[in-house]
Amino acid sequence: QAQFVESGGGSVEAGGSLRLSCAVPAYRWNAHCMVWIRQAANKEREAVAGIDSDDNTKYTASVEGRFTISKDDAQFTVYLQMDSLKPEDTAMYYCAAAPAGCTRRPQFEELVLVTATGWGQGTQVSVFS
């Protein structure tokens with residue numbers, strides 16, 4: 001089963017920016033909500049952002065206003081633009097697919113963590129102060 005392939009991570013100073021990319025298998029594209037999930041060392045996984053087929057988006061509170069999720073339907077690619085990065089954003093970032101309409105669910109974060117599939121190897125983001 002083809003997996004998602006994340007890229008674009010790196011090490012950046014606090015206040016800086018990074019743009020993550022995720023190549024999605026074509027057969028997973030239309031029927032799902034695309035999400036970014038992160039996991040820091042010794043911490044629980046956290047659903048960071050999601051985007052559905054109508055470009056509706058949802059963010060966890062800690063990244064609202066700093067991160068922007070977007071997608072390119074022609075390239076089957078999902079992006080996560082991360083600005084004003086903080087040391088607490090340091091984590092491995094993964095993209096995955098969640099059920100259609102995930103951004104409109106009241107328990108977005110819980111839903112994503114339980115149902116997300118297609119995880120890749122992830123891309124490491126390190127923010128230093």
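Please read these numbers as outputs of a predicted model, since none were measured by experiment.
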Problem set entry | Spacing of OG1 belonging to T117 relative to CZ belonging to R28, to within rounding of 0.5 Å |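 Nearest 0.5 Å value for the OG1-CZ distance: 3.5 Å.
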Problem set entry | Apart from Y79 itself, residues in the same hydrophobic cluster as defined by side-chain heavy atoms under 4.5 Å |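 Besides Y79, the hydrophobic cluster comprises nothing; the residue is isolated.
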Seminar exercise, completed: Contacts satisfying ring pair (Phe, Tyr, Trp, His ring centres under 6.0 Å) that involve residues 44-74 (not counting sequence neighbours) are none
Exercise. Does any pair with a residue in residues 97-122 pass ring pair (Phe, Tyr, Trp, His ring centres under 6.0 Å), and if so which ones, sequence neighbours excluded?
Worked result: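 Pairs touching residues 97-122 that pass the test: Y94-W119.
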Exercise. Cluster question for you: counting only ILVMFWY and a side-chain heavy-atom cut-off of under 4.5 Å, with indirect links fine, are V24 and V48 together?
Worked result: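 V24 clusters together with V48.
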Taking side chain to side chain contact (heavy atoms under 4.5 Å, CB included) as the test, write out the residues that go with [X], two or more places apart.
X    : answer
Q121 : Q3
V125 : L18, L20, M82, Y93, V127
S126 : S11, T90, Q124
T60  : E46, S62, V63, E109

Exercise. Does CD belonging to E64 count more than 12 external heavy atoms closer than 6.0 Å?
Worked result: yes
Exercise. Quick one: salt bridge (Lys or Arg N to Asp or Glu O under 4.0 Å) partners of R66, sequence neighbours excluded?
Worked result: D89
Problem set entry | Set of salt bridge (Lys or Arg N to Asp or Glu O under 4.0 Å) partners for K71, sequence neighbours left out |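 With neighbours one apart ignored, the set is D55, D73.
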For this session: Under the side chain to side chain donor-acceptor pair (under 3.5 Å) rule, collect the residues that match up with E110, sequence neighbours excluded.
Result: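 Checked E110 against side chain to side chain donor-acceptor pair (under 3.5 Å); zero matches.
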Problem set entry | Sequence neighbours excluded - side-chain hydrogen bond (donor to acceptor under 3.5 Å, both in side chains) pairs with any residue from residues 97-106 | D52-T103, D52-R104
For this session: Return the set of residues passing ring pair (Phe, Tyr, Trp, His ring centres under 6.0 Å) with F76 (not counting sequence neighbours), or none when no residue passes.
Result: W29
